[in-house]
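Notes to accompany the following structure.
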There are 2 protein chains.
Amino acid sequence: MIADPVARIRRFNRAVTLEVGALDTSFLGRGRPLGAARVLNAIGQGLGDVGEIRDALQLDSGLMSRLLRGLEEEKLVVTEPRPDDARRRVARLTSAGRREFAAYERLSNQRAAGLLARHPHADELLAAMDLVASALGRERIAIEEVDPRGEAARHCLAEYYAELARRFEKGFDVSLSRDPQAKDMVHPRGAFLVAMSDGLPLACVGLKGDGGETAEVKRLWVAPSARGLGLGRKLMAAVEERARALGIRMLRLDTNRALPEARALYLKSGWTEIPRFNDDPYADFFFEKRVCAARDA
Amino acid sequence: MIADPVARIRRFNRAVTLEVGALDTSFLGRGRPLGAARVLNAIGQGLGDVGEIRDALQLDSGLMSRLLRGLEEEKLVVTEPRPDDARRRVARLTSAGRREFAAYERLSNQRAAGLLARHPHADELLAAMDLVASALGRERIAIEEVDPRGEAARHCLAEYYAELARRFEKGFDVSLSRDPQAKDMVHPRGAFLVAMSDGLPLACVGLKGDGGETAEVKRLWVAPSARGLGLGRKLMAAVEERARALGIRMLRLDTNRALPEARALYLKSGWTEIPRFNDDPYADFFFEKRVCAARDA
DNA sequence: GCCATTATCTGACCTAAGTCAGATAATCAT
DNA sequence: ATGATTATCTGACTTAGGTCAGATAATGGC
């Protein structure tokens, strides 16, 4: 009873409400109501269109308008009609606005850093926070196609290689593996997909093509804090879809015996085991799947 | 940069604000503003004194008074002066109030249960939530003396035995260990202390005495989600203090080689290793510490 | 018994947030 | 060109939450 799951969630809610409540009122620490601070923050994050901000913050149009007027009176923001459609207006920060936005950012960062400094095992705390945030925000996870040399992809790949090094019996050295060139994983030969959750990349998969009708699926990885959310399955479906759009007819992949959950996923989602098709020292199992085929035929 | 700890904490804050914000407005789901719902909830939790509620919810006395009048008008609450001091008033729920309180409880429980049901690895999510809640609430962890047969103690001991079974090479069977009688761990022979964090017991330790000047420290355990917060050290200090108050002059304990962190704690906090003093099959190391001695002498 | 203290309540007032019905002006479809 | 649609703004109004200066009444110390 005392460890009743529901009671534990409610304890979590109380703990977090206290902490996050303090965070909200810290916005008031700069003498501006929360609503105005939120709008300033949204503009600082890069939102410009008034309608966009309104949607993002779920504000009534009247309220939005007034908050914007207030920020204009403070000379933190200027608005102007959009050249291509003069009904819409775009807002941007003045230099004073940028200073003020930076001050809010600093405050938030200080609070977060303070929390970390107070906790002796910051790594575990962060991992737990990631897990909770991913679970709570699972409806807001979006699959995006990104540049495999960009920040999000590099983050995923670094975590992926580190995990292989931990899990493979003999460790993992990326230079021994058949490392695909990044240019084989960008349009129009291939693609690189990541699952983004509020700015944090949680999972990735690469599609490596050579311009022909066959391509290879590589680098499937899901962050430990996001396992169980079905991201592997979603990414595999997305990469198949992407391959179909690129005119690819046959997909292949290889995997290692130290990754049983990956093999289970492939078996479960329509892949067929085939004989070895390369000499990668880390590859133990080989699969293929035809795309563009009639469904369930 | 993308995995910058501060950015990750802020992502956590955003995810949780959305979830907890929805929770707050769900209080509005019963047509009552948040303030009134909070007061009703506080009374339902057992707070009676008006001043106590005011302190707990951090409300201005004027606002508190008005919220209470509102609940009285709704016939959910009655207040009366306290017999021993007629300046103070106590509030309690009417039967309609109890029904309303129960409805809020049901709503909260449903929300929590819904969250669990949506997540495939509920255990890990709960463990992560416990860890975050314990870290955020570390200033609000209190050490209490409890009955070793009570709910909090039984919860700790069950977790403790389960952990020993996992970590000992040959498993753990409590019947083989020299299990102290509960009556040896209550006043005036001994004590049982738990560290409580908002209703959840996070750690425990027992002091087993026989009425003489020597006693034994047993059953030191810290929940995995609370390790690194210094609770082990705090409990050992508290149990020493408690022993001193009971007139005990010498403490002893034994521990197993599979628990290196416990041994390190004893070595670090002034315990002396001594020869085996019992035939417990699970004991590998033995320590003693003199209490009532001059500090650092 | 008297006075300072304490707990609660009341009235006056304020700000933040949000709602809603038009007003205004630009754009789109025909 | 004209009427419907769209984006934003303005004014009037409401509710929630909160502050503050006394009012009221009970208590405790002397």
Side-chain angles (χ1 to χ4, degrees), chain A residues 17 21-43 47-74 76-92 104, chain B residues 17-18 21-43 47-74 76-92:
Chain A
T17 307
L23 190 137
D24 270 5
T25 48
S26 95
F27 275 102
L28 295 165
R30 291 191 69 77
R32 192 170 292 107
L34 181 61
R38 292 214 304 156
V39 172
L40 184 71
N41 189 52
I43 300 173
L47 289 181
D49 258 57
V50 171
E52 234 172 76
I53 303 171
R54 216 171 41 215
D55 284 354
L57 304 183
Q58 309 250 60
L59 293 172
D60 171 86
S61 74
L63 183 50
M64 174 77 217
S65 194
R66 252 178 291 272
L67 291 172
L68 217 41
R69 284 306 81 68
L71 291 172
E72 278 187 317
E73 266 167 43
E74 283 193 84
L76 300 176
V77 159
V78 288
T79 63
E80 52 200 356
R82 234 169 68 166
D84 61 325
D85 181 346
R87 288 171 307 180
R88 292 165 208 266
R89 314 202 102 226
V90 282
R92 60 187 167 70
Y104 279 117
Chain B
T17 307
L18 282 173
L23 190 138
D24 271 4
T25 47
S26 97
F27 275 102
L28 295 165
R30 292 192 68 77
R32 192 169 292 109
L34 180 60
R38 291 214 304 156
V39 172
L40 183 70
N41 189 53
I43 300 172
L47 289 180
D49 257 59
V50 171
E52 233 172 77
I53 302 171
R54 216 171 43 216
D55 284 354
L57 303 184
Q58 308 250 60
L59 293 172
D60 171 85
S61 73
L63 183 50
M64 174 75 218
S65 194
R66 251 178 291 272
L67 290 173
L68 217 42
R69 283 306 81 68
L71 290 172
E72 278 187 316
E73 268 166 44
E74 284 193 83
L76 301 175
V77 159
V78 287
T79 64
E80 53 199 354
R82 232 169 69 166
D84 60 326
D85 181 347
R87 289 171 305 178
R88 293 166 208 266
R89 314 202 103 224
V90 282
R92 59 188 166 72

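In what follows, chains carry the letters A, B, and so on, assigned in the order in which the sequence lines appear, proteins first and then strands, with residues in each chain numbered from 1.
Between A:Met64 atom CE and D:dA7 atom C1' there is a gap of 12 Å when expressed in whole angstrom units. When rounded to the nearest whole Å, the span between CZ of A:Arg32 and P of C:dA16 equals 11 Å. Distance CG (B:Leu68) to P (C:dT8): 10 Å, rounded to an integer number of Å. Residue B:Ile53 contributes atom CD1, which lies 13 Å from atom C1' of C:dA7 at whole-angstrom precision. Counting to the nearest Å, the C1' atom of C:dT6 and the CZ atom of B:Arg89 are 15 Å from each other. Between A:Leu34 atom CG and D:dG17 atom P there is a gap of 15 Å when expressed in whole angstrom units. Atom CD of B:Glu72 and atom P of C:dT8 are 13 Å apart (whole Å). Spacing between atom CZ of A:Arg54 and atom C1' of D:dT6 amounts to 10 Å, rounded to whole angstrom units.
Between A:Ala86 and A:Pro81, the shortest heavy-atom contact is O-CB, 3.8 Å. Between A:Ile53 and A:Met64, the shortest heavy-atom contact is CG2-CE, 3.7 Å. A pairwise comparison of heavy atoms in B:Glu52 and B:Leu47 identifies OE1-CD2, 3.1 Å as the closest pair.
Not one side-chain nitrogen or oxygen of B:Arg88 sits closer than 4.0 Å to the OP1 or OP2 atom of C:dT8.
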What does the B/S/- profile of nucleotides 18-29 of chain C look like, 5' to 3', with a 4.0 Å heavy-atom cutoff to protein? BBB-----BS--
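The side chain to side chain contact (heavy atoms under 4.5 Å, CB included) check on B:Leu63 picks up B:Leu59, B:Asp60, B:Leu67, with sequence neighbours excluded.
Listed by first then second residue, pairs satisfying side chain to side chain donor-acceptor pair (under 3.5 Å) with a partner in residues 79-88 of chain A read A:Asp49-A:Arg82, A:Glu72-A:Thr79, A:Thr79-A:Arg89, A:Glu80-A:Arg92, A:Arg82-A:Asp84, A:Asp85-A:Arg87, A:Asp85-A:Arg88, not counting sequence neighbours.
Here the side chains of A:Leu40 and A:Tyr104 are in contact, with some heavy-atom distance below 4.5 Å.
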